[in-house]
A.B. asks: 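Take this structure first; my questions come after.
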Amino acid sequence: MISEAVLQAIKGYAKEENVRLQEPMSALTTFRVGGPADCLVEISDREELKNICRYLHLTGTPAFVMGNGSNLLVSDEGFRGVVLRVQAGMNQVRTQGRCIIAQAGAAMAQVARIAWENGLTGMEFASGIPGTVGGGVIMNAGAYGGEMKQVVKAVEVLSPDGEFLNLDNETMEFGYRTSSIKGKGYVVTEVTFELAEGDPARIKETMDEFAARRREKQPLEYPSAGSTFKRPEGNFAGKLIMDAGLRGYSIGGAQVSEKHCGFLINAKPGQTMASDVMALIRYVQDVVKEKFDVSLEPEVIFLGRF
């Protein structure tokens, strides 16, 4: 549990109604599993984020910054620390010529829609990605041949000691589902996208095509965190899992999707435990390693003790 002193300090920086204790993370993640966070703070603006992050860093209080929770698996016991949720209070998006400037809490799909409405092409791939801009840039999110690396011009981040820094595309060192931000303790606050002029009708047509492909091939009707594993070099995680005979395999309420084996789903919402999901992740990894000598690396972020 966080101390009363830490709690009072947080309330001094944030609106009291935005500070909640023992907040169930199952309600804030797309997997719909996970125990409570000791304290959850809905961030209102970048200055509030700066002050709270700096305080938590100086006091050594465990903290985690999240957006939409679309790539997050929280343990059943929850998180013994402070979760800072950057979403509704930092989701402003504005256009500037061929650039779109989005705060970290803006949804990827929101930015893609605004790009289309302004006749800007390049963000179509993001129209169906459920996460926020902040999380998307950290992991270089991508789909259907597009990725953040191709459209990000600059990223504003907050350092652990409370300093705002600006990173250009090269400094981000984008790689497959990674960037230089990982491991540095930086928090993304704003992203500038540089796009190209395009035909709005064609842009919308491409977005609709991607949406149809998602509905056809992905188990969108079940809670999940999207693709569970990164694509192994020279192969596809879903195909390896299918070829291993694991289509539909389940542990508790967690199941390998029969529609797309690269997705592990919550097949029994309200009954599934995070431990079920983790056990299934590990089982799939073991079987694929044994059968094909390929190590599957999770794309999902784990929070808490497993």
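All residue numbers refer to positions in the sequence shown, counting from 1.
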A.B. asks: Salt bridge or not between Arg20 and Glu23? Use side-chain N to carboxylate O under 4.0 Å.
C.D. replies: yes

A.B. asks: Please step through side-chain contact (heavy atoms from CB on, under 4.5 Å) for the pair Thr121 and Leu195, ending with a clear verdict.
C.D. replies: CA-CA 6 Å; Thr121 183; Leu195 306 174; over 6 Å; no

A.B. asks: For Tyr144 and Phe210: C-alpha separation, side-chain torsions, deciding distance, then whether ring pair (Phe, Tyr, Trp, His ring centres under 6.0 Å) applies.
C.D. replies: CA-CA 8 Å; Tyr144 302 117; Phe210 289 163; 4.6 Å; yes

A.B. asks: Give a yes or no on whether a salt bridge exists between Arg98 and Glu197, defined as a side-chain N under 4.0 angstrom from a carboxylate O.
C.D. replies: no

A.B. asks: Are the side chain of Ser179 and the backbone of Ile138 linked by a donor-acceptor contact shorter than 3.5 Å?
C.D. replies: yes

A.B. asks: Report all side-chain donor-acceptor pairs from residues 295-306 shorter than 3.5 Å, counting only partners two or more places apart or in another chain.
C.D. replies:
unit_1	atom_1	unit_2	atom_2	d
Ser295	OG	Lys289	NZ	3.4
Glu297	OE2	Lys230	NZ	3.0

A.B. asks: Please check: side-chain N/O of Thr61 versus main-chain N/O of His57, any donor-acceptor pairing under 3.5 Å?
C.D. replies: no

A.B. asks: Heavy-atom count around Lys182 NZ within 6.0 Å, excluding the residue itself: above 12?
C.D. replies: yes

A.B. asks: Can you tell me if Gln8 has over 12 outside heavy atoms packed within less than 6.0 Å of its CD?
C.D. replies: yes

A.B. asks: Heavy-atom count around Lys149 NZ within 6.0 Å, excluding the residue itself: above 12?
C.D. replies: no

A.B. asks: Does the distance from a Lys or Arg side-chain N to an Asp or Glu carboxylate O, for Asp208 and Lys204, drop under 4.0 Å?
C.D. replies: yes

A.B. asks: To the nearest 0.5 Å, what is the distance between OG (Ser224) and CD (Gln255)?
C.D. replies: 12.0 Å

A.B. asks: Less than 3.5 Å apart, any donor N or O on the side chain of Thr272 or Asn266 sitting next to an acceptor on the other?
C.D. replies: yes

A.B. asks: With no hydrogens and no angle check, is any side-chain donor or acceptor of Asp38 less than 3.5 Å from a backbone partner on Val82?
C.D. replies: no

A.B. asks: Side-chain heavy atoms under 4.5 angstrom apart, residues restricted to Ile, Leu, Val, Met, Phe, Trp, Tyr: same cluster for Met1 and Val6?
C.D. replies: no

A.B. asks: Is it the case that over 12 heavy atoms from other parts of the model lie below 6.0 angstrom from the CD atom of Glu17?
C.D. replies: yes

A.B. asks: Using modelled atom types and a 3.5 Å cut-off, is there a donor and acceptor pairing between side-chain atoms of Thr178 and backbone atoms of Gly175?
C.D. replies: no

A.B. asks: Before you tell me yes or no, could you show the steps for Lys259 and Glu221 under side-chain contact (heavy atoms from CB on, under 4.5 Å), namely the whole-Å CA-CA distance, both residues' side-chain angles and the distance that decides it to 0.1 Å?
C.D. replies: CA-CA 11 Å; Lys259 195 172 186 179; Glu221 64 274 25; 4.1 Å; yes

A.B. asks: Residues two or more places apart in sequence or in another chain: which of them pass ring-ring contact (aromatic ring centres under 6.0 Å, His included) with Tyr176?
C.D. replies: none

A.B. asks: Indicate yes or no for a side-chain donor-acceptor contact from Ser227 to the backbone of Phe229 under 3.5 Å, with no hydrogens or angles considered.
C.D. replies: no

A.B. asks: Is it true that Arg94 and Glu190 have a side-chain N and a carboxylate O under 4.0 angstrom from each other?
C.D. replies: yes

A.B. asks: Using a 6.0 Å cut-off, check whether atom NZ of Lys11 has over 12 heavy atoms from anything other than its own residue.
C.D. replies: yes

A.B. asks: Distance alone, cut at 3.5 Å: any donor-acceptor contact between the side chains of Glu156 and Asn166?
C.D. replies: no

A.B. asks: Please work out whether the ring planes of Tyr13 and Tyr55 are parallel, tilted or perpendicular, with thresholds of 30° and 60°.
C.D. replies: tilted

A.B. asks: Without hydrogens or angle criteria, can the side chains of Thr30 and Asn68 be said to hold a donor-acceptor pair below 3.5 Å?
C.D. replies: no

A.B. asks: Does Glu47, at its CD atom, have more than 12 non-hydrogen atoms belonging to other residues, nucleotides or ligands within less than 6.0 Å?
C.D. replies: yes

A.B. asks: Check step by step if side-chain contact (heavy atoms from CB on, under 4.5 Å) holds for Asp161 and Arg54.
C.D. replies: CA-CA 5 Å; Asp161 58 2; Arg54 182 167 55 188; 5.7 Å; no

A.B. asks: For the rings on Tyr283 and Tyr249, is their centre-to-centre separation under 6.0 Å?
C.D. replies: yes

